[in-house]
Novice: 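Below you'll find the structure I mean.
Here the structure is a predicted model, which means the values were calculated and not measured. Values below: all heavy atoms of this structure, side chains included; hydrogens, waters and symmetry mates excluded. Letters A, B, ... are given to chains in the order of the sequence lines, protein chains preceding strands, and every chain is numbered from 1.
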Amino acid sequence: MKLVQESDYRFRIDRDGEMRVPGVVFASRALLPDPAGDKSLEQVANVATLPGVVGASYAMPDVHWGYGFPIGGVAATDVATGGVVSPGGVGFDISCGVRLLAADLDRQDLAEPALRALMDGLGAATPRGMNRGAVWALRDARQLREVLAGGARYAVQQGHGVQRDLDRCEDGGAVADADPGQASERAVQRGLGQVGSLGSGNHFLEVQVVDRVYDEPAAEAFGLRAGQVCVMIHCGSRGLGHQICTDHVRVIERAMHRFGISVPDRQLACAPVSSPEGQAYLGAMAAAANYARANRQLLAVAARRVFGRVTGRELALVYDISHNLAKIETHEVAGLPRRLCVHRKGATRALPPGHPDLPADLRGAGQPVLIPGTMGTASYVLTGRPGAPAFASTCHGAGRALSRHRAAKTVHGKELRERLEAEGIMVRGASWRGLAEETPEAYKDVDTVVDAAQGAGLCVRVARLVPIGVVKG
DNA sequence: ATGTCC
């Protein structure tokens, strides 16, 4: 893969073969993936062949190998001229994302034994791990379809949360064009018992402290200040999203020949946005996105209850944003506004100050961009930057550097937990093996990733948060 | 990420 360095944080992959646009990689030289074990830059080039793709096929600084598309990939297709949607451009964990809640409490006012009681309470109130229960026991499949249609809005209507939770959630808590009828019976069955559950892998609920503020006015608009206690929740659409992806990849794979589309990798299966198969996938994807938002809403309500009981304080939503989603958005292409299908997979939307889609109280500061770090390392709050490249997108996290298998060989979960506790981070895990797979050494350095994202002009730092307690999926 | 293969 031939990379041309354009600046400190920008590399180009020139058009070659079937590529319709160039590839652009936003990273420092040190962050570029190792081609020996990671084919993500080939995937950037593959994505550039998709019908209707405009601008470039982009990679964020945390890019790594994924299913078809790289994780940390952004690509937009022009809807009116046969542009496609690809489930591989969203990923299996549809609408995986992050929610940040801020407490009216400072670190210095959260001393022992309250901190231990808080972590014990959060550990007990947060269902996690594979197939192990949920906060909300849904009545039946009919009620699940209400969740798929209404997302966090339906949860709040049912008494799980407050208006602020919707005002500060992407899309006001629910995507409008969800089509619950596009979720298969199996997807519905898998989803019934998981609304309000973390899952596993890199998903977590953390108690964090605002360690540093870079942009005071933006932080104030977001409701953040130095020393403040926060709760960050990182999770997705569980088995339901996975099943929806599986079902629709199969349908689209079989339909592709009818559209005359050929792709260099069958994992890039795609259909025109305007086709019945494309519309079916987008409707199902939106339903899964609503499920993920309801999931984070219920976990937040459970955390809020524990927080109130232990500390007597409130938790206010700062923002909830997905990093695995395709959205129909309007962007300028060659000076003209176009309706685009923007795929962000392991990439976060980052609307700049003044964007009309922002709620009024965030209009001046821009959209809060939530970047979860790794267990035991920092997380970030960023905001968008006017005129930024990549259709208002930035990184989504540290990005894995070692496989789960290799990570688990470097340390035992028990040893890792002891190490983190010695560093002042309380850990409530689900399994020793799962903990070991998530050791910080298995990830790139999130500080370096965020430096590169800002250096590349994708976003602006607002605040840095450090964990003091981790509930791990 | 995921009832890590219906």
Side-chain angles (χ1 to χ4, degrees), chain A residues 38 40 43 60 62-73 86-99 127-134 144 183-205 233-251 253 267 284-285 287-289 291-293 295-296 299 321-326 343-348 372-375 395-409 429-439 442-443 472-473:
Chain A
D38 180 312
S40 59
Q43 295 186 313
M60 304 294 113
D62 49 338
V63 65
H64 58 285
W65 206 0
Y67 176 89
F69 278 56
I71 296 159
S86 172
V90 171
F92 277 84
D93 193 2
I94 295 168
S95 202
C96 180
V98 184
R99 165 174 294 228
R128 59 193 186 278
M130 199 72 82
N131 235 340
R132 287 203 233 157
L144 179 75
S184 66
E185 195 49 45
R186 184 179 292 181
V188 168
Q189 286 307 317
R190 289 181 71 172
L192 266 174
Q194 299 186 322
V195 185
S197 65
L198 273 186
S200 56
N202 62 357
H203 292 164
F204 65 71
L205 180 150
I233 297 169
H234 176 205
C235 65
S237 52
R238 310 286 279 108
L240 177 132
H242 193 279
Q243 190 64 46
I244 282 176
C245 183
T246 303
D247 293 340
H248 285 261
V249 162
R250 189 169 302 145
V251 169
E253 264 180 353
Q267 294 184 350
M285 180 209 71
Y291 184 92
R293 285 148 199 215
N295 187 23
R296 290 191 285 273
L299 286 168
I321 183 76
S322 166
H323 49 234
N324 281 3
L325 208 60
H343 301 74
R344 297 187 183 89
K345 178 188 191 178
T348 316
T374 307
M375 186 169 43
C395 58
H396 86 304
R400 200 167 255 288
L402 295 183
S403 69
R404 298 192 171 285
H405 186 71
R406 282 187 58 196
K409 285 206 289 192
S431 74
W432 294 125
R433 166 80 193 191
L435 216 55
E437 289 178 350
E438 290 297 314
T439 184
Y443 286 84
K472 196 69 182 137

Novice: Distance check needed: dT2(B) P versus R404(A) CZ, whole Å only.
Specialist: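 R404(A) atom CZ is separated from dT2(B) atom P by 9 Å.
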Novice: Whole Å only: how far is the CD atom of Q194(A) from the P atom of dT2(B)?
Specialist: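 After rounding, the gap between these two atoms is 8 Å.
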Novice: Indicate, with yes or no, if the rings of H323(A) and H234(A) have centres closer together than 6.0 Å.
Specialist: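 When the ring centroids of H323(A) and H234(A) are compared, they turn out to be within the sub-6.0 Å range.
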Novice: Please report, rounded to the nearest Å, how far the P atom of dT4(B) is from the CZ atom of R400(A).
Specialist: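 Distance check: R400(A) CZ to dT4(B) P gives 18 Å.
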Novice: Describe, in one word, how the ring planes of F92(A) and H242(A) are oriented to each other, choosing from parallel (under 30°), tilted (30 to 60°) and perpendicular (over 60°).
Specialist: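 Aromatic pair F92(A)/H242(A) classed tilted.
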Novice: D93(A) has an atom CG; how far is it from atom C1' of dT2(B), in whole Å?
Specialist: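 In whole Å, dT2(B) C1' lies 8 Å from D93(A) CG.
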Novice: Tell me: NE2 of H203(A) to P of dT2(B), nearest whole Å?
Specialist: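 Computing the H203(A):NE2 to dT2(B):P distance gives 6 Å.
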Novice: Rounded to the nearest Å, what distance is computed from the CD1 atom of residue I244(A) to the C1' atom of nucleotide dT2(B)?
Specialist: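 From I244(A) CD1 to dT2(B) C1': 14 Å.
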Novice: Return whichever of E438(A) or R250(A) has its heavy-atom-nearest nucleotide of DNA chain B closer to the 5' end.
Specialist: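 Looking at the nearest nucleotide for each, E438(A) comes out on the 5' side.
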Novice: With sugar-phosphate meaning primed atoms plus P, OP1 and OP2, does Q189(A) contact a base, only sugar-phosphate, or nothing at under 4.0 Å between heavy atoms?
Specialist: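 If one applies the 4.0 Å heavy-atom cut-off, Q189(A) turns out to touch nothing in the nucleic acid.
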Novice: Under 4.0 Å between a side-chain N/O of R238(A) and OP1 or OP2 of dT2(B), yes or no?
Specialist: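 For dT2(B), OP1/OP2 do have a side-chain N/O of R238(A) under 4.0 Å.
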Novice: At 4.0 Å (heavy atoms only), tell me whether R186(A) reaches a base, stays on the sugar-phosphate, or touches nothing.
Specialist: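 Counting heavy atoms under 4.0 Å across all strands, the contact made by R186(A) includes a base.
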Novice: Grab the CG-P distance between N295(A) and dT2(B) for me, whole Å please.
Specialist: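 Whole-Å distance recorded here is 10 Å.
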Novice: I want to check something: taking the side chain as every heavy atom from C-beta on, are L325(A) and K345(A) in contact at a cut-off of under 4.5 Å?
Specialist: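 No, side chains not in contact.
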Novice: Using a cut-off of 4.0 Å on non-hydrogen atoms, how would the nucleic acid contact of G239(A) be classed: base, sugar-phosphate, or nothing?
Specialist: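 The answer is sugar-phosphate, as G239(A) gets under 4.0 Å only of primed atoms, P, OP1 or OP2.
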Novice: Taking only Lys NZ, Arg NE, NH1 and NH2, and the carboxylate oxygens of Asp or Glu, determine whether K472(A) and E437(A) approach each other closer than 4.0 Å.
Specialist: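 Looking at K472(A) and E437(A), the cut-off is not met.
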Novice: Let me know the distance between CG of N131(A) and P of dT2(B), rounded to the nearest Å.
Specialist: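 Computing the N131(A):CG to dT2(B):P distance gives 10 Å.
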Novice: Using a cut-off of less than 4.0 Å, is there contact between a side-chain N or O of T246(A) and OP1 or OP2 of dT2(B)?
Specialist: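 No, because none of the side-chain N or O atoms of T246(A) sits under 4.0 Å from OP1 or OP2 of dT2(B).
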Novice: Could you check I94(A), V195(A), I244(A) and say which one makes a side-chain contact (heavy atoms from CB on, under 4.5 Å) with Y291(A)?
Specialist: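 Going through I94(A), V195(A), I244(A) one by one, the side-chain contact (heavy atoms from CB on, under 4.5 Å) with Y291(A) is satisfied by V195(A) alone.
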